[in-house]
Amino acid sequence: MSTDTTGRGSGAGGPIGTPNTPGAGTSGGFREDAAVAARLTVPVAMGYLPLGAAFGILLVSQGLSWFWAPTTALVVFAGSLEFLAVSMVTSGLGLAAIAMTTFLVNFRHVFYGLSFPLQLLRGPVQRGYGIFALTDETYSLLAANPDEELNGRRITLIQLFSHGYWVVGSLTGALASTALPDDIKGVEFALTALFTVLAWDHARKRSNLRPVLHGLASAVVAAVVGGEQFLTTAVAAFLLLLLGDYLITVRAKSAHA
């Protein structure tokens with residue numbers, strides 16, 4: 001999901017919840033772990049339920065059957081990409097373009113995996129689900145919460161609860177949309193509104209506005225040369241600008257070292 005993932009980050013000894021951080025191996029009964037996970041995921045529920053409902057309404061408004069909303073939420077669980085998928089599928093976008101867009105939009109998850117506490121999860125099923133259900137919001141929760149509250153079962157429950165919120169929200173929106181008029185307008189603007197709010201929140205909270213300027217420049221480039229591949233062009237341009245910014249920063253630090 002595409003929200004702010006800043007937090008306290010990993011402990012001084014290594015990645016999130018590594019054994020050399022105090023309390024990383026904390027374990028309790030199932031009820032205690034479930035209560036902690038439920039408490040920590042309240043902010044996620046406040047975002048996932050209404051956004052999931054918006055996704056369900058959008059999907060049905062584009063002519064797809066209502067059951068595709070909870071099915072997609074359950075199987076894909078990719079947040080903003082699911083909104084994009086509705087537009088890409090209904091517009092007849094080719095599989096290659098869909099695959100490239102999916103890769104570019106979710107490429108950030110590669111970096112999440114570098115500090116995700118996979119070592120706390122046991123067995124292929126728990127580890128596989130941990131990788132599958134790693135979203136912006138769950139990563140942010142794991143990075144921002146005290147290490148003493150983390151253990152494998154709590155991490156899995158945090159992800160399960162978050163996943164459940166998204167599925168319930170999507171199902172609720174899809175079912176509610178069946179009672180709405182067929183000619184309802186504006187629902188397709190939900191994704192644009194979501195990213196507008198996220199961009200504004202980023203600009204408001206950060207002194208470094210270069211990512212915002214990069215985004216604007218990428219949008220202009222895509223509008224000029226992207227044509228029907230606007231999104232793919234914009235994301236590719238944005239990644240190139242970020243890479244260039246990073247290389248310039250590294251060189252500047254090396255020059256002053």
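Along the sequence shown, residues are numbered consecutively beginning with 1.
- In this structure, Leu175 is a member of the same hydrophobic cluster as Tyr165, with clusters built from ILVMFWY side-chain heavy atoms closer than 4.5 Å.
- Between atom OH of residue Tyr246 and atom CG of residue Leu239 there is a gap of 15.0 Å, rounded to the nearest 0.5 Å.
- Two residues are said to be in side-chain contact when any heavy atoms from C-beta on lie closer than 4.5 Å; Trp66 and Leu171 meet this criterion.
- Between the CD atom in Glu82 and the OG1 atom in Thr72 there is a gap of 6.0 Å [rounded to 0.5 Å].
- In this structure, the side chain of Thr41 engages the main chain of Ala38 through a donor-acceptor pair within 3.5 Å.
- Residue Asp33 holds its CG atom at 10.0 Å from OG1 of Thr156, rounded to the nearest 0.5 Å.
- Residues Pro117 and Ile155 approach most closely at CG-CD1, 3.5 Å, considering heavy atoms.
- In the displayed structure, Leu95 atom CG is contacted under 6.0 Å by at most 12 heavy atoms of other residues, nucleotides or ligands.
- The distance from the CD1 atom of Ile248 to the CZ atom of Arg210 is 8.5 Å, given to the nearest 0.5 Å.
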**OP:** Just do the side chain to side chain contact (heavy atoms under 4.5 Å, CB included) check on Val44 and Thr138 with the steps written out, would you?
**Re:** CA-CA 8 Å; Val44 176; Thr138 54; 5.8 Å; no

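- Phe55 and Ala69 make their closest contact through CE2-O, 3.7 Å (heavy atoms, listed as atom of the first residue, atom of the second, distance).
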**OP:** For side chain to side chain contact (heavy atoms under 4.5 Å, CB included), just list the numbers for Phe30 and Leu157, CA-CA rounded to whole Å, side-chain angles, deciding distance to a tenth of an Å, and then say yes or no.
**Re:** CA-CA 10 Å; Phe30 179 83; Leu157 287 170; 4.1 Å; yes

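- Shown here for Ser177 and Gly56, the closest heavy-atom pair between the two residues is OG-O, 4.2 Å.
- Using a 4.5 Å cut-off on side-chain heavy atoms (C-beta onward), Thr135 and Ser162 make no contact.
- Atom-to-atom distance recorded for Leu120:CG and Leu142:CG is 9.5 Å, nearest 0.5 angstrom.
- Between Ala217 and Leu241 the shortest heavy-atom distance is CB-CD1, 4.2 Å.
- Hydrophobic clustering of Ile, Leu, Val, Met, Phe, Trp and Tyr side chains at less than 4.5 Å, counting indirect connections, unites Ile158 with Val168.
- Linking Ile, Leu, Val, Met, Phe, Trp and Tyr whenever their side-chain heavy atoms come within less than 4.5 Å leaves Leu242 and Leu216 in two separate clusters.
- Residue Met100 qualifies as open at atom CE: its count of foreign heavy atoms under 6.0 Å is 12 or below.
- Heavy-atom minimum distance, Leu59 versus Ser65: CD2-O, 3.4 Å.
- The side-chain heavy atoms of Leu51 and Trp166, taken from C-beta on, include a pair separated by under 4.5 Å.
- Both Phe67 and Phe83 sit in one connected hydrophobic cluster of ILVMFWY residues. Membership requires side-chain heavy atoms under 4.5 Å apart, directly or through other members.
- Cluster membership for Phe103 and Val110, using ILVMFWY side-chain heavy atoms within less than 4.5 angstrom, is shared.
- The CG atom of Leu243 sits 10.5 Å away from the NE2 atom of His214 when rounded to the nearest 0.5 Å.
- Aromatic ring centres of His163 and Phe132: separated by under 6.0 Å.
- Taking 4.5 Å as the limit, every side-chain heavy atom of Leu40 sits out of range of all side-chain heavy atoms of Phe161.
- Proximity of a side-chain donor or acceptor of Gln159 to a complementary backbone N or O of Ala133 within less than 3.5 Å is detected.
- Residues Glu32 and Arg154 come closest through the heavy atom pair OE2-NH2, 3.0 Å.
- Judged by distance alone, with hydrogens and angles left aside, the side-chain atoms of Gln62 form no donor-acceptor pair with the main-chain N or O of Thr90 at under 3.5 Å.
- Side-chain contact between Leu121 and Phe116 is present, with heavy atoms from C-beta onward closer than 4.5 Å.
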